[in-house]
There are 2 protein chains.
Amino acid sequence: MSEYIRDGAEIYRRSFATIRAEADLSGLPDDVARVAVRMIHSCGMVDLVADLAWSAGAVAAGRAALRAGAPILCDAAMVAAGVTRRRLPAGNEVVCTLGDPRVPALAERLGTTRSAAALELWRDRLDGALVAVGNAPTALFRLLEMVEEGAGRPAAVLGIPVGFIGAAESKRALAATDLEHLVVHGRRGGSAMTAAAVNAIASEEE
Amino acid sequence: MSEYIRDGAEIYRRSFATIRAEADLSGLPDDVARVAVRMIHSCGMVDLVADLAWSAGAVAAGRAALRAGAPILCDAAMVAAGVTRRRLPAGNEVVCTLGDPRVPALAERLGTTRSAAALELWRDRLDGALVAVGNAPTALFRLLEMVEEGAGRPAAVLGIPVGFIGAAESKRALAATDLEHLVVHGRRGGSAMTAAAVNAIASEEE
């Protein structure tokens, strides 16, 4: 047991080398491949690539927004907790409104989940933001409704909710819009791979 | 797009029904099956069951510890963020020491990762705790060393680190001990499924 590698930098180096050796990144543009590598690192699955889809400008738009100081709007506290603050280029604000005390009453009034209702509190920051949905399909559906209603256009949307009810559908709906986006199609997703995508977009440092 | 389900309770009900219909839970004791269902819910993968391993008393020991007020010791902030506080039976403390300002110097002095060094700050709470390792293999290896050195015996250990270097090995090492444990063998793992396991152990409410 005493033989494990203890050097964090070396663990990262070997991990990324393994991923690049095993994952088929040949169909991905360079900027998306860098994001994919970090997402794979967060979940241990090199076959994640097969479910990835993106718009051509998504990574560049997300990075430019962060450099310009845009906030990162997260649907879940775990996504926000996974964003590595020192990678952010402009000390960007990382926002999760799900725990706001106004949210339960909002959800009741709007007849929806708390995850979706929490987006009402994004309205003043939505335009130009990097949105990271890593948990709730209803949050992603609600985001698309709000954009359609004219609440603002995020610079890019990471649509990576997870699960069995609505997740796949919500990601297909995002991919059908003209928003800059990156999604993991199907049931897979979650806060860890979503935070990993944010961290990859925030800095080119591996 | 307006046709998605907005009722949170109904989404949970349908999600768990889908999981129970699709996942092969036949080889699992009831208490482990309940934990597995929540873990699958957090990652969208019903085949997770194949990689699960556990000791017979793990779930009961973890639950008893939480009822008795034991703390939950987490290796990563994302794991701690994913623990649903209202499910905890005794307002249990949820601890993650990775961000403690003493950790970088400890890691330097001990010649290990910050994730492993952070466990030094668990020493006064390790005995009888529920340990949840959902990110770093080095943290799980270090935990086993500390237990061997007599630092205390956790009530149960959730060993679910993720990744390509050391993850599978660290989980095999845990499964070979006589500690009460639940692991996801192989590369898969992560903070979301680890927090889901904690939440399942904390309360039988689905």
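Here is the naming used below: chain letters follow the sequence lines, and residue numbers restart at 1 for every chain.
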Tell me, with the steps shown, if A:Ser191 and B:Met78 meet side chain to side chain contact (heavy atoms under 4.5 Å, CB included).
-> CA-CA 8 Å; A:Ser191 47; B:Met78 286 187 79; 3.8 Å; yes

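- When each of A:Glu22, A:His41, A:Glu169 is checked for heavy-atom pairs under 4.5 Å with chain B, A:Glu22 comes out on top.
- The environment of CZ in B:Arg114 is sparse: at most 12 heavy-atom neighbours from other residues, nucleotides or ligands sit within 6.0 Å.
- With a threshold of 4.5 angstrom between heavy atoms, B:Thr112 approaches chain A through its backbone and through its side chain.
- Put simply, CE on B:Met45 and CZ on A:Arg187 are 11.5 Å apart, with the number rounded to the nearest 0.5 Å.
- For a residue to count as touching a neighbouring chain, one of its non-hydrogen atoms must lie under 4.5 Å from one of that chain's; by this rule A:Ser170 does not touch chain B.
- Taking OG1 from B:Thr113 and CD1 from A:Ile5, the interatomic distance works out to 11.5 Å, rounded to the nearest 0.5 Å.
- Neither the backbone nor the side chain of B:Glu10 comes within less than 4.5 Å of any heavy atom of chain A.
- Residue A:Arg123 qualifies as enclosed at atom CZ: its count of foreign heavy atoms under 6.0 Å is above 12.
- Neither the backbone nor the side chain of B:Leu110 comes within less than 4.5 Å of any heavy atom of chain A.
- Interface remark: B:Ala116 contributes no atoms to any contact with chain A (heavy atom separation under 4.5 Å).
- Between B:Arg6 and A:Glu145 a salt bridge is recorded (basic side-chain N to carboxylate O distance below 4.0 Å).
- Around CD of B:Glu108, the count of heavy atoms belonging to other residues, nucleotides or ligands within 6.0 Å does not exceed 12.
- Interface remark: of the candidates B:Ser15, B:Gly8, B:Gly190, B:Ser15 forms the most heavy-atom pairs closer than 4.5 Å to chain A.
- Contacts of B:Ser115 with chain A are absent, with no heavy-atom separation under 4.5 Å from either backbone or side chain.
- Note: A:Phe164 CZ to B:Arg14 CZ = 15.0 Å, rounded to the nearest 0.5 Å.
- Of the listed residues (B:Ala77, B:Ala9, B:Gly166, B:Cys43), the greatest number of heavy-atom pairs within a distance under 4.5 Å of chain A belongs to B:Cys43.
- Atom CD1 in A:Ile165 sits 9.0 Å away from atom CD1 in B:Ile19 (nearest 0.5 Å).
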